[in-house]
Protein chains: 2
Amino acid sequence: MAAKERLSSSMEDYLEAILHISAEKQAARAKDIAKRLKVNNSSVTSALRLLSEKGLVNYAPYDIITLTAQGKKRAEEIARRHETLKDFFVKILLIDETEAEKASCKMEHVISNKILDRLISFVEFVEICPRGGKEWLRGFRRHCEGDDISASCEDSISLCLEDLRKKAQAFKNSQQEAVLLKEMDAGQRGKILQIKGHGEINKRLSAMGVSSGSIVEVEGRALQEERIEIKVRGYHLSLRNEDAAKISVEPYN
Amino acid sequence: MAAKERLSSSMEDYLEAILHISAEKQAARAKDIAKRLKVNNSSVTSALRLLSEKGLVNYAPYDIITLTAQGKKRAEEIARRHETLKDFFVKILLIDETEAEKASCKMEHVISNKILDRLISFVEFVEICPRGGKEWLRGFRRHCEGDDISASCEDSISLCLEDLRKKAQAFKNSQQEAVLLKEMDAGQRGKILQIKGHGEINKRLSAMGVSSGSIVEVEGRALQEERIEIKVRGYHLSLRNEDAAKISVEPYN
DNA sequence: TTAAAAAGTTAGATACATCAAACTTTTTGC
DNA sequence: GCAAAAAGTTTGATGTATCTAACTTTTTAA
Ligand SMILES: [Mn+2]
Ligand SMILES: [Mn+2]
Ligand SMILES: [Mn+2]
Ligand SMILES: [Mn+2]
């Protein structure tokens with residue numbers, strides 16, 4: 001396999017666009033891409049030729065456009081960066097959707113993996129640590145709105161002192177029970193305790209930096225409850241129940 | 001005055017480099033710039049010609065290189081973006097210097113002002129709100145190192161429950177006394193309460209988005225204690241004591 | 001003072017991203 | 001089935017960033 005060549009920001013955007021259009025429609029057409037990226041049709045043709053040369057898209061003149069396996073992987077990686085940044089902007093910095101969307105699509109091309117990883121950990125930590133959470137972010141919102149930071153914090157603290165004790169207790173209690181990922185409900189979050197066996201999933205997960213200690217969130221079910229959809233380290237995954245049964249989790253909520 | 005034209009990332013880097021070299025030496029020479037930016041000498045010549053055309057650098061063949069007033073302003077703005085990002089990476093995300101340096105110099109060119117502003121507020125909030133602070137970040141560090149998030153948080157909380165009450169009290173107390181900025185010590189931080197009068201400083205500060213409510217940090221003194229050096233909203237400023245006496249502050253620590 | 005070294009510039013090339021205008025192929029609707 | 005519309009491509013242009021190699025100016029130091 002060819003070494004993972006550096007792609008320009010533009011080419012990354014083309015891949016990302018193709019991924020999203022493919023998910024929405026059956027096939028991506030040049031015009032859809034042009035529209036989405038606000039570029040001229042002819043620019044799309046050039047881009048496709050280049051990406052095709054690099055083995056990232058399947059393309060022949062006048063034909064429909066699909067991503068190769070490699071191209072899909074790259075595109076998904078870009079989408080992950082995009083989503084992670086946007087999440088941080090929206091959930092933590094309390095930036096509005098539109099602005100967050102625009103900004104993340106610019107920054108996704110230059111953020112390093114290490115920082116991306118930390119950002120994921122940070123958002124997890126803020127959301128899960130009882131000392132952070134919604135009340136704390138409410139304090140931040142007030143601070144942003146020019147409110148007295150003392151008041152924002154104080155409020156947050158008085159709200160918090162009792163609350164925190166309760167949260168901490170609940171948190172401690174929840175630690176006792178381990179559950180199989182398979183059994184968790186949509187919206188639930190928890191920490192991976194163990195991944196049994198050495199099969200496919202194990203490889204797939206560790207390739208993404210997922211291991212015991214990682215925070216996992218159940219996003220939903222699919223295919224007549226045959227599969228569980230999860231998010232971990234910014235990746236959206238779909239696992240067979242069979243595989244999800246091999247993962248034990250300590251749930252948080 | 002010409003409308004603030006969009007500069008390419010490269011040109012921004014050239015400006016930033018010239019600013020830093022000028023601060024270190026008397027004058028910037030093409031070779032220093034080339035070395036710093038790891039580009040060929042001839043690339044520097046082209047860049048300088050372009051920046052000179054735009055009125056951002058003073059340049060003539062074989063002559064020394066300086067920033068124009070306009071160029072300096074732009075360069076300082078870029079340095080501010082750079083520093084703000086780096087601060088966030090180092091102080092909050094706990095990224096090492098080298099990586100943070102590299103990353104911020106890439107991202108500085110694409111981050112929006114709105115997000116930059118929020119990032120500044122966020123770092124302020126984390127550092128000042130008693131519910132955040134060092135203990136909380138220690139919890140985050142442990143989480144990053146793969147430690148149990150429960151343990152990280154729990155630790156942080158038990159450390160915190162008592163501590164927090166004290167901090168909250170101290171915080172509340174500190175609220176009473178207002179102090180003149182002029183009188184604050186290096187390292188002290190506080191919230192601006194009022195900026196008296198309508199002179200120069202008032203204009204300068206409000207142009208940077210500084211107003212009552214903004215968090216200010218005293219960085220030091222200069223010119224035989226004649227001036228006070230502060231940091232506010234990511235800007236490094238030097239004020240005459242005379243002017244600093246017009247600003248009342250509620251100190252935090 | 002002057003020749004060699006260092007610094008800086010110019011010329012010419014490659015690569016990328018984009019566009020408008022002219023052209024070709026495919027699709028659509030009668 | 002076929003003409004018009006829509007979609008896609010080619011051509012040729014501009015603008016940016018960079019390089020190497022050849023050349024010029026300035027600095028240094030013998
Ligand atoms: Mn993008
Ligand atoms: Mn994107
Ligand atoms: Mn930079
Ligand atoms: Mn920089």
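Residue numbering restarts at 1 for every chain, and letters A, B, ... go by the order of the sequence lines.
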Selected nucleotide, minimal atom distance to [X] side chain, candidates [options]:
X	options	value
B:Asn41	D:dG8, C:dT9, C:dA17	C:dT9
B:Val39	C:dT18, D:dC19, D:dT9	D:dC19
B:Lys31	D:dG8, C:dG8, D:dT16	C:dG8
A:Ser10	C:dT9, C:dA17, C:dC19	C:dA17
B:Met11	C:dT18, D:dT18, D:dA17	D:dA17
B:Thr45	C:dT9, C:dT18, D:dT10	C:dT9
B:Tyr62	D:dC19, D:dT24, C:dT24	D:dT24

Verify the distance criterion only: is there a donor paired with an acceptor across the side chains of [X] and [Y] at less than 3.5 Å?
X	Y	answer
B:Glu16	B:His82	yes
A:Arg49	A:Tyr59	no
B:Asn58	B:Thr68	no
A:Arg233	A:Ser121	yes

Using atom [atom1] of [X] as one end and atom [atom2] of [N] as the other, report the distance to the nearest whole Å.
X	N	atom1	atom2	answer
A:Arg29	D:dA5	CZ	P	18 Å
B:Asp32	C:dA6	CG	P	15 Å
A:Tyr59	D:dG8	OH	C1'	7 Å
B:Arg6	D:dT16	CZ	P	12 Å
B:Asp63	D:dT27	CG	C1'	15 Å
A:Leu48	C:dC16	CG	C1'	16 Å
A:Lys38	C:dC19	NZ	C1'	17 Å
B:His109	D:dA17	NE2	P	11 Å

Students often get this wrong, so: under 4.0 angstrom with heavy atoms, is B:Val44 touching a base, only sugar-phosphate, or nothing?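 If one applies the 4.0 Å heavy-atom cut-off, B:Val44 turns out to touch nothing in the nucleic acid.
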Give a yes or no on whether the ring-centroid distance for B:Phe89 and A:Phe122 is below 6.0 angstrom.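 Judged by ring-centre distance (under 6.0 Å), B:Phe89 and A:Phe122 do not meet the cut-off.
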Any [X] side-chain N or O less than 4.0 Å from OP1/OP2 of [N]:
X	N	result
A:Arg49	D:dT10	yes
A:Asn40	C:dA20	yes
B:Tyr14	D:dT18	yes

Using heavy atoms to find the nearest nucleotide of DNA chain C for A:Ser9 and A:Ser42 separately, return the residue whose nucleotide is more 5′. A:Ser9
